[in-house]
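Reminder, nothing fancy here: chain letters follow the sequence lines and each chain counts from 1.
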Amino acid sequence: MTNNPAPQKFVVTTPLYYVNDVPHIGSAYTTLAADALIRWQRLQGNSALLITGTDEHGQKIERTAISKDLAPQEHCDQIVVSFKSLWEQLNIQYDRFSRTTASEHKVIVDQFFERVWEKGDIYLDQQQGWYCVACEEFKEERELTEDKHCQIHTNKKAEWRDEENYFFRLSKYQKQLEAIYADNPEFIQPVARRNEVLNFVAQGLQDFSISRVNLDWGFPISQDPKHTIYVWFDALLGYLTALLEPDQEANLELALSQGWPIDLHLIGKDILRFHAVYWPAMLLSAELPIPKRVFGHGFLTKDGLKMGKSLGNTLNPFELLDKYGSDAVRYYFLRAIEFGKDGDFNESRFVDLLNADLAKNLGNLLNRTLGMLNKYCQGNGPQLKQEDYPDHDSLKTIGSNLGSQVAIAYQDLQFKQACEAILELANASNKYIDDHAPWVLFKEGKQEEIEHVLYAVLESIRLAAYLLSPIVPNLSNAIYQQLGFSCNFNELTQLSAAPVFAQHSRWGHLPANLNLNKARPVFTQLELSSVVSDS
RNA sequence: CGCGGGAUAGAGCAGUCUGGUAGCUCGUCGGGCUCAUAACCCGAAGGCCAAUGGUUCAAAUCCAUUUCCCGCUACCA
């Protein structure tokens, strides 16, 4: 369906976040995971595009703006600033920030709507049904209790609604969707999420309303301007708009040629249904290919409790970043939590984990090794090569397998496993030093052996830093710089060549005659002082 | 019969799909080392893997039943 084959590009999206309020930790979580993936792609020399943005229409936004005595657009503009600022503090390298109020987006939405309209999949009908205001959703009879209460909101009775809406023929696509799920088992991940969707679809799909009346803040439907397009229909299309280059003409075909279908929609589990059911159906209707993968990750809790304003235990991402820095925050959420499952934030665990892994295991390892080089080798880099190590050498063994192991983990979004595997090399290196005791070798005057040991360790540190760079780019920079490299993991152009990846991801790459820099702690231990408070 | 997630050492978790000596991090206790960010290495204590029943030569893992916990009432990923 796409024309003009553009260079192959790995495209990942975060949700377009709803601008009802300033960003919260959950948005940060999704986004930092997406960023790590994109960085991993770029590290390998692949062309990659990270799409994020904001979803700005809908009644809720309109009401929020009014309550702040602002025009809706002014309100959105303010919130957008805070999102962009958070992404900057989190060291997110996004390529597109797609706003659903952008003028290009209007064109894309019109053109897409037109396709679906021409297909005959949109029809006008009376929306009749039980509406749960708390859910903002129409409910099936079977979803309600006998006295018409929503099962989630048992304290609120569903309301009978009867209004004119446009509908999308979702029901028409049930069979096709089921075939897609069956033929593409990788489409919805993780498996538990996939099962939920399968279950939902198997119960039968109902057409859903895609327009609202009596709502100004949204795109009017060209065919019938008193209707406004339902916010979700509009928001999902934001992914398409985002494919356009910043100064490119707004045109659906053009957008599609720039990287469609998208490789991965990274989302929270709450919006899975929209991405795994409604969105593919909309695309089928428009005769477009569907995205390759939708991954619904888990939710975060704080100290075991759901975060919420009512509980007053929200975790302010800005404060967290101010206090600990982007690397620490990125590392914690990717390392401490099984991606896909719910995970907990606990500040003392946060400090423990960061100190144990980054400050002590890896950071101190570099520090002690460089210290010994200065003391025992006058700071000269060892002059050895991979071939000088027997195959049973523990670091060589672990290091040689690490690159491919970590590649698989990143590919499967198993960030935790990637971190664990990498840290194992650091751990083995600390042991390696103790086992070989360079300080003893020094007293015995065994200079060559000292260099032999230190090279292996230094190389292991380098490899660990390289493979961790998608997650903790600043730390990796600091390590690489102390090792005498001049590259910068935040400036990907210098590292984007595939041959570089082939070399750097292999154990044994460290060249001789390194221009080693002075040993300085690359990651200072964190202290648990006052607990990050509610905003 | 609402939907979903969970119950494994003091704490937090992996392992469950593809049955076969129960593992990781932090913490605790003891020892070692001295190159280092009070770091690093070694060792130990600590688990009837929620319960019951079943399948099997063998079950944390498969099947059945049960108990308990947590979300789903919006800031929401």
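- In terms of position on RNA chain B, the residue among N430(A) and L300(A) whose nearest nucleotide sits closer to the 5' end is N430(A).
- A64(B) and U52(B) make up a base pair, with Watson-Crick or G-U wobble contacts both under 3.5 Å.
- Distance check on atom C1': C49(B) versus C72(B) gives 28 Å, rounded to whole Å.
- Salt bridge present: E420(A) and R335(A) bring a charged side-chain N and a carboxylate O closer than 4.0 Å.
- In this structure, the nucleotide among A77(B), C13(B), G4(B) sitting nearest to the side chain of D344(A) is C13(B).
- Here G12(B) is the nucleotide among C26(B), G12(B), A77(B) with the atom lying nearest to any side-chain atom of R349(A).
- Going from atom CG of L334(A) over to atom P of U25(B) covers 20 Å, rounded to whole Å.
- F442(A) comes within contact range of no nucleotide atom at all, as no heavy-atom separation falls under 4.0 Å.
- The pair D342(A)-K269(A) meets the salt-bridge criterion, with a side-chain N (NZ, NE, NH1 or NH2) lying under 4.0 Å from an Asp/Glu carboxylate O.
- Classification of E186(A) and R194(A) as a salt-bridged pair fails, no side-chain N sitting under 4.0 Å from a carboxylate O.
- K60(A) and D21(A) are not joined by a salt bridge, as no carboxylate oxygen comes within less than 4.0 angstrom of a charged side-chain nitrogen.
- By the criterion of a centre-to-centre distance under 5.5 Å and near-parallel planes under 30°, the ring of Y29(A) forms no stack with the base of A77(B).
- Straight-line distance between the C1' atoms of G20(B) and C62(B): roughly 14 Å, to the nearest whole Å.
- In this structure, F200(A) atom CZ and G2(B) atom P are separated by 18 Å, rounded to whole Å.
- In this model, the phosphate group of C40(B) is not approached by any side-chain N or O of N427(A) to a distance below 4.0 Å at OP1 or OP2.
- Between Y278(A) and the choices W232(A), F200(A), F208(A), the ring-ring contact (aromatic ring centres under 6.0 Å, His included) rule is met once, by F208(A).
- Nearest to the side-chain atoms of D434(A) among the listed nucleotides C40(B), A77(B), C75(B) stands C40(B).
- Atom CG in L373(A) sits roughly 10 Å away from atom C1' in C35(B) (whole-Å rounding).
- For I271(A), counting side-chain heavy atoms from C-beta on, the closest listed nucleotide (A74(B), A77(B), U37(B)) is A77(B).
- Minimum atom distance to the side chain of W439(A) is reached by U34(B), of the listed C13(B), U34(B), C41(B).
- Looking at the side chain of R368(A), the nearest of the listed nucleotides C42(B), G5(B), C35(B) is C35(B).
- Only the C1' atoms considered, A60(B) is 10 Å distant from G19(B), to the nearest whole Å.
- Between the CG atom of N361(A) and the P atom of U37(B) there is a distance of 16 Å, rounded to whole Å.
- Counting any heavy atom pair closer than 4.0 Å across all strands shown, A356(A) reaches sugar-phosphate atoms only and no base atom.
- Of all nucleotides present, none satisfies the Watson-Crick or G-U wobble test against A59(B) with each distance under 3.5 Å.
- Note on R99(A) versus D55(A): no salt bridge recorded, every NZ/NE/NH1/NH2 to OD/OE distance being 4.0 Å or above.
- Within 4.0 Å of D352(A), counting heavy atoms only, lie sugar-phosphate atoms of the nucleic acid but no base atom.
- You'll find the ring centres of F345(A) and Y332(A) inside the 6.0 Å limit.
- Of the candidate nucleotides A14(B), C26(B), U37(B), A14(B) has the atom nearest to the side chain of E338(A).
- For A192(A), the listed nucleotide lying nearest its side chain is G5(B); candidates were G4(B), C42(B), G5(B).
- Taking atom P in both U73(B) and A11(B), one finds a spacing of 31 Å when rounded to whole Å.
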Evaluate the criterion salt bridge (Lys or Arg N to Asp or Glu O under 4.0 Å) for residue pair K323(A) and E527(A); output intermediate values, then yes/no. CA-CA 10 Å; K323(A) 196 167 170 187; E527(A) 278 181 45; over 6 Å; no
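- Closest to the Q525(A) side chain, of the nucleotides A77(B), C35(B), U37(B), is U37(B).
- Rounded to whole Å, the separation between the C1' atoms of G4(B) and A58(B) comes to 33 Å.
- Rounded to whole Å, the separation between the P atoms of C63(B) and U55(B) comes to 15 Å.
- The pairing partner recorded for A45(B) is none, the criterion being a Watson-Crick or G-U wobble arrangement whose two distances lie under 3.5 angstrom.
- Between K431(A) and the phosphate of C42(B), there is a side-chain N or O to OP1/OP2 separation shorter than 4.0 Å.
- Among the heavy atoms of the strands lying under 4.0 Å from N199(A) are primed sugar atoms or P, OP1, OP2 only; no base atom is included.
- Nucleotides of RNA chain B nearest to L358(A) and D270(A) differ in position, and the one nearer the 5' end is that of L358(A).
- The separation between I337(A) atom CD1 and A14(B) atom C1' is 14 Å, rounded to whole Å.
- Comparing G15(B), G5(B), C40(B) by their nearest atom to the side chain of K341(A) picks out G15(B).
- Dashed line: the shortest gap from a side-chain N or O of Y376(A) to OP1 or OP2 of C35(B) is under 4.0 Å.
- Rounded to a whole Å, the NZ atom of K416(A) is 13 Å from the P atom of C26(B).
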Which is it for Q405(A) and I422(A) under the side-chain contact (heavy atoms from CB on, under 4.5 Å) test, yes or no, and what are the steps along the way? CA-CA 9 Å; Q405(A) 198 182 337; I422(A) 295 166; over 6 Å; no
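- Contact between the side-chain N/O atoms of K306(A) and the OP1/OP2 oxygens of C72(B) is found at a separation under 4.0 Å.
- As the counterpart of C13(B), G23(B) is assigned, both hydrogen-bonding distances of the Watson-Crick or G-U wobble pattern falling under 3.5 Å.
- Only the P atoms considered, A44(B) is 12 Å distant from G23(B), to the nearest whole Å.
- Contact annotation for V191(A): no contact, since no heavy-atom pair falls under 4.0 Å across all strands.
- Rounded to an integer number of Å, the gap from F415(A) CZ to C13(B) C1' is 19 Å.
- Atom C1' of A50(B) sits at a distance of 15 Å from the matching atom of U61(B), rounded to the whole Å.
- Rounding to whole angstrom units, CG of residue L423(A) and P of A14(B) are separated by 18 Å.
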